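This structure is a prediction, so every number in the text was calculated from the model and none was measured.
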Amino acid sequence: MDQVYKWLIFIVIMGVQFFLSRRNNVYWGAILPVLYLVFIFGWLSNRMVNGNTFSLIIVAVGGLAILLGSWSNGRESLKKKRKKELEKMKTLDIK
């Protein structure tokens, strides 16, 4: 049951990230990656005392890559949506 909650949290975070990435202002999509970095660096500073930081660094880079990839996909989706709307407006102007 614990794994189900982790996956649900992941899906919600990715949904929110995609939603924020599709806003007109590009900086909305940067909110979650910045918060993730702050969280990871805070966690990393606490874990440095204990030793094994390699796995945490791998998780940090992987998570950041996923969030930034979602941000990029959201921006591309917004560009396609704008292009499609512009083409609709041009076809209506021609008639």
Side-chain angles (χ1 to χ4, degrees):
M1 195 66 174
D2 189 39
Q3 289 290 77
V4 174
Y5 290 131
K6 288 179 183 178
W7 279 104
L8 286 175
I9 290 170
F10 175 75
I11 290 169
V12 168
I13 288 172
M14 293 309 295
V16 169
Q17 175 64 15
F18 186 73
F19 174 77
L20 290 175
S21 297
R22 292 191 63 192
R23 302 299 95 202
N24 286 333
N25 190 344
V26 70
Y27 297 115
W28 281 109
I31 292 173
L32 288 180
V34 168
L35 288 176
Y36 182 75
L37 281 177
V38 168
F39 173 75
I40 288 297
F41 282 127
W43 194 12
L44 184 62
S45 66
N46 288 339
R47 298 275 298 202
M48 280 207 162
V49 175
N50 297 339
N52 189 10
T53 59
F54 181 71
S55 60
L56 186 60
I57 291 171
I58 296 298
V59 168
V61 170
L64 189 60
I66 290 171
L67 286 172
L68 292 177
S70 178
W71 187 13
S72 176
N73 288 340
R75 298 310 299 170
E76 287 297 320
S77 175
L78 180 63
K79 286 179 187 177
K80 287 179 185 177
K81 181 180 172 185
R82 286 180 179 169
K83 184 178 179 182
K84 191 175 180 181
E85 288 177 6
L86 186 60
E87 288 174 1
K88 280 184 185 179
M89 289 177 10
K90 285 182 180 179
T91 57
L92 291 176
D93 285 343
I94 292 173
K95 293 181 181 181

Show me the side-chain donor-acceptor pairs of residues 4-11 shorter than 3.5 Å, one per line, residues at least two apart or across chains.
none

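- Within the structure, no pair that satisfies the salt bridge (Lys or Arg N to Asp or Glu O under 4.0 Å) test touches residues 57-67, not counting sequence neighbours.
- Residue pairs that meet the salt bridge (Lys or Arg N to Asp or Glu O under 4.0 Å) test with at least one member in residues 27-44, sequence neighbours left out, do not exist here.
- With rounding to the nearest 0.5 Å, the separation of CZ in R82 from CG in L86 is 11.0 Å.
- By the side chain to side chain donor-acceptor pair (under 3.5 Å) test, N25 is found to be paired with no residue, residues two or more places apart in sequence or in another chain being considered.
- Transitive grouping of hydrophobic side chains (ILVMFWY, heavy atoms separated by less than 4.5 Å) keeps V16 and F18 in distinct clusters.
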Which atom pairs, one a donor and one an acceptor, fall under 3.5 Å between side chains of residues 60-75 and the rest of the protein, sequence neighbours left out?
unit_1 : atom_1 : unit_2 : atom_2 : d
W71    : NE1    : V26    : O      : 3.3
N73    : ND2    : G69    : O      : 3.4
R75    : NH1    : S21    : O      : 3.0
R75    : NH1    : R23    : O      : 2.6

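- Legend: residues meeting ring pair (Phe, Tyr, Trp, His ring centres under 6.0 Å) with F19, ordered by chain and number and at least two apart, are absent.
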Exercise answer: donor-acceptor pairs, residues 31-42 side-chain atoms, under 3.5 Å, sequence neighbours excluded:
unit_1 : atom_1 : unit_2 : atom_2 : d
Y36    : OH     : V59    : O      : 2.9

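- Residues passing the side chain to side chain contact (heavy atoms under 4.5 Å, CB included) test with K81, sequence neighbours excluded: R22, E85.
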